[in-house]
Amino acid sequence: MDNQEISRILYEISLYLEMNGVPFKPVAYEKAAFSIEALEEDVEEIYKREQLDGLKKIPGVGETIARRIEEYLKTGKIQYYENFKKKMPVAMGELMAVEGIGPKAIRDLYRYLKIKNLKDLEVAAKAGKIRNVPNFGLKTEQNILEAIEFLKRSKGRFLLGMILPTISTVYARLKVLKEVEEISLAGSVRRMKETIGDVDFLVIPCSSGRISSSESTKKIMNFFVSLPGIEKIWGKGTTKASVRMKEGFDMDIRVVPKKSYGSALQYFTGSKEHNIVLRTIAMGKGLKLNEYGVFKGPKMIAGETETGVYKVLGMEWMPPEMRENQGEIELALAHKIPKIIDYNDLKGDLHCHSDWDGGVNTILEIAMAAQEMGYEYIGISDHTKFLRIERGLDEKKLIAQRKEVNKINSQFEKQKKNFRVLQGCEANILADGSVDIADDILRQLDYVIAGVHSQLKMEKTEMTERIIKAMENPNVDIISHPTGRLIKRRDEYQIDFDKILEVAKETGTILEVNSFPERLDLNDKNIRKAKEGGVKMVINTDAHEKSQMRFIELGIAQARRGWAEKEDIINTQPIGKLLNFFK
DNA sequence: GCCGTTTTCGGCCCGACTGTTTTCAGTCG
């Protein structure tokens, strides 16, 4: 549980060092922070078992950082960090989230204007004070204000992928309580929205045997408010408790009677817009719908199950991911809800980065992780040479990598494993729409992903043309993260998406649904457009570390929110059919 | 501060863009 916190502190140390212009150390601390964040095992466990030597085995952690981690585990803080923090007590995470603000800017803004947090920054920018700070100007001040506006638009919401692990842990703890008969997530988490306001749990207390339901309820509530990771208890009553987690989001738990469980689940799952229409439909039938049930006069005619609630309204049940009042209600009334893709429909992931381009894991490690996930194939698609920071592969290295992949595949064949590693790459679409790897090399790969990674601020027609040209390349099979958005941080590129869909259809180019928590690109709306336009998609993770392959759940959720069916997504297909989709 | 089939010392991935500047520093990917 401490990994995240240690990682955050190490990262902040790297920023403080960067501010002070210290060479090389910032990168060292940053690497260690990243490495610990990605760690599957608790550092505390490692330390208990192997002490300092164990810590030093973590990539990027040497003598000094191992000792700092030890200090944290023993005392709960790191003095080195506390000293920095005392000299410059700024809310680092908050300020760094502002696009265009980095450590040096934070340093100067604190030095000249004593800006400590986002609020201070906004006040100073609005008062026109920032333009007077040396090396800042009017334009920078305006950019800061725009960036703050952008942040505010997504304020108070958390990335689903970031908080899902915590939520799952809490869910699992509650589920095994003997006082809990039934439990479900509700709200935007159940709908798998990309960002989450707060988390809702619904629970039926157990009332069998000697335990009364009110006794169970009391125990459940006490257990809930004493969970680890809680920062503040907002309230605790007989039907509802509410807490604030350390990560900053709130969690509510509601205890509902068994006979109302379905209607409560329906009601608290939402969305609000979906529910408003449902209540109107109920009214039209002379019924009343609320969180306790569906009523005809005083008589309750449904409510124990969600399916039952929809049924008395003349509707088919539908997956929570569809409930946004985007046409699903009409389909449910007509009993024409599509059979959307399921969470275990995928047979492989075609976008994983290996240690060849600076990722963490070897191709073999990734392949083994893929097998554990039940995949039939895995696609290695490392960055190519234009992205030097990512140690992008050039033609020579791609050929060498091909040999390595062949070697691994023949091993699997010998072991009679029904599994195959595919070699792709994630090439760069350059400003003129060309791709940074020679055609004769691209042709030798199993498939080619191409993506935009530079000059993101192109004008709309130019950017659209650029991507179209890449799709027209006879070697480019997949466009990665097609709109380039970063949730809460950066808007999409300026593109004419309809035009892109047209050309994708014509050229048989596949668009990626990138599962990375802050990307989810294509998003739900674009997925639906692509599906309607007859464009095929692939759900990938873009994992740079094997634990990130689990992000696939988020991509599938997004596809479900976009009503994608199995046949819309190429990696639901076995390898033989999959390969047919590539040019 | 970390790391090692170019090294236990001496390296430490690069290029584009922006906004501030008169030649560059900070930020981003």
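Both backbone and side-chain heavy atoms feed into the values below; hydrogens, waters and symmetry mates do not. Lettering follows sequence order; numbering is per chain, from 1.
In this structure, the side-chain contact (heavy atoms from CB on, under 4.5 Å) partners of A/T507, at least two apart in sequence or on a different chain, are A/M471, A/E472, A/V503, A/T509, A/K583. Not counting sequence neighbours, the partners of A/H353 by the ring-ring contact (aromatic ring centres under 6.0 Å, His included) test are A/H351, A/H383, A/H544. Considering only residues two or more places apart in sequence or on other chains, A/Y80 meets the ring-ring contact (aromatic ring centres under 6.0 Å, His included) condition with A/F84. Every side-chain contact (heavy atoms from CB on, under 4.5 Å) that A/E553 has, sequence neighbours left out, goes to A/L164, A/M192, A/Y343. The ring-ring contact (aromatic ring centres under 6.0 Å, His included) test applied to A/F551 returns A/F516, not counting sequence neighbours. For A/R67, the salt bridge (charged side-chain N to carboxylate O under 4.0 Å, His left out) criterion is met by A/E63, A/E70, not counting sequence neighbours. In this view, A/Y29 satisfies the ring-ring contact (aromatic ring centres under 6.0 Å, His included) rule with no residue, not counting sequence neighbours. Residues passing the salt bridge (charged side-chain N to carboxylate O under 4.0 Å, His left out) test with A/R485 are A/E194, sequence neighbours excluded.
With rounding to whole Å, A/Y493 atom OH is found 16 Å from B/dC28 atom P. The CD1-P distance, from A/I101 to B/dG19, rounds to 13 Å in whole Å. Between the CD1 atom of A/I144 and the C1' atom of B/dT20 there is a distance of 13 Å, given to the nearest Å. In this structure, A/D521 places its CG atom 14 Å from P of B/dG29, rounding to the nearest Å. Nucleotide B/dT18 holds its P atom 12 Å from the CD atom of A/E99, rounded to whole Å. Rounded to whole angstrom, the span from the CE atom of A/M458 across to the C1' atom of B/dG29 amounts to 16 Å. Rounded to whole Å, atom P of B/dT18 lies 15 Å from atom CD of A/Q142. Atom P of nucleotide B/dC28 and atom CG of A/L486 are separated by 11 Å, given to the nearest angstrom.
Using a 4.0 Å cutoff on non-hydrogen atoms, the parts of residues 56-82 of chain A near DNA chain B are A/P59, A/G60, A/V61, A/G62, A/E63, A/T64, A/I65, A/R68, ordered by number. Residues of residues 12-34 of chain A having a heavy atom closer than 4.0 Å to DNA chain B, listed by number: A/F24, A/K25, A/A28, A/Y29.
For the P atom pair drawn from B/dG1 and B/dT6, the interatomic distance equals 27 Å after rounding to whole Å. As rounded to the nearest Å, B/dG26 and B/dT21 have P atoms that lie 13 Å from one another. Spacing between B/dT22 and B/dG11 at atom C1', rounded to whole Å, works out to 34 Å. B/dC13 and B/dT23 are spaced 25 Å apart, taking the C1' atom of each and rounding to whole Å. Taking atom C1' in both B/dT20 and B/dT27, the straight-line distance is 13 Å, to the nearest Å. Using atom P as the reference point in both B/dC12 and B/dC17, the two lie 25 Å apart (nearest Å).
For the OP1/OP2 pair of B/dC17 and a distance below 4.0 Å, the side-chain nitrogens and oxygens of A/S454 include no atom meeting the criterion.
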Audit row: A/E492, A/N526, side-chain contact (heavy atoms from CB on, under 4.5 Å) steps and yes/no: CA-CA 12 Å; A/E492 304 179 348; A/N526 286 332; 3.8 Å; yes
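Using a 4.0 Å heavy-atom cutoff across all strands shown, A/I106 reaches no nucleic acid atom at all. Using a 4.0 Å heavy-atom distance criterion, A/L430 is classed as making no nucleic acid contact.
A/Q51 has its side chain out of reach of A/D53: every pair of non-hydrogen atoms, C-beta onward, lies at least 4.5 Å apart. Counting only heavy atoms from C-beta outward, the side chains of A/V452 and A/I467 approach each other to under 4.5 Å.
Counting only residues at least two apart or in different chains, salt bridge (Lys or Arg N to Asp or Glu O under 4.0 Å) contacts with residues 433-442 of chain A are absent.
B/dT8 makes up no base pair with any nucleotide shown, lacking Watson-Crick or G-U wobble contacts both under 3.5 Å.
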Using a cutoff of under 3.5 Å, can you pull out all pairs of nitrogen or oxygen atoms linking the protein to nucleotides 21-26 of chain B, with atom names and distances?
{"residue": "B/dG26", "atom": "OP2", "partner": "A/K104", "partner atom": "NZ", "Å": "3.4"}

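At distances below 3.5 Å, at least one donor-acceptor pair connects side-chain atoms of A/D521 with backbone N or O atoms of A/T483.
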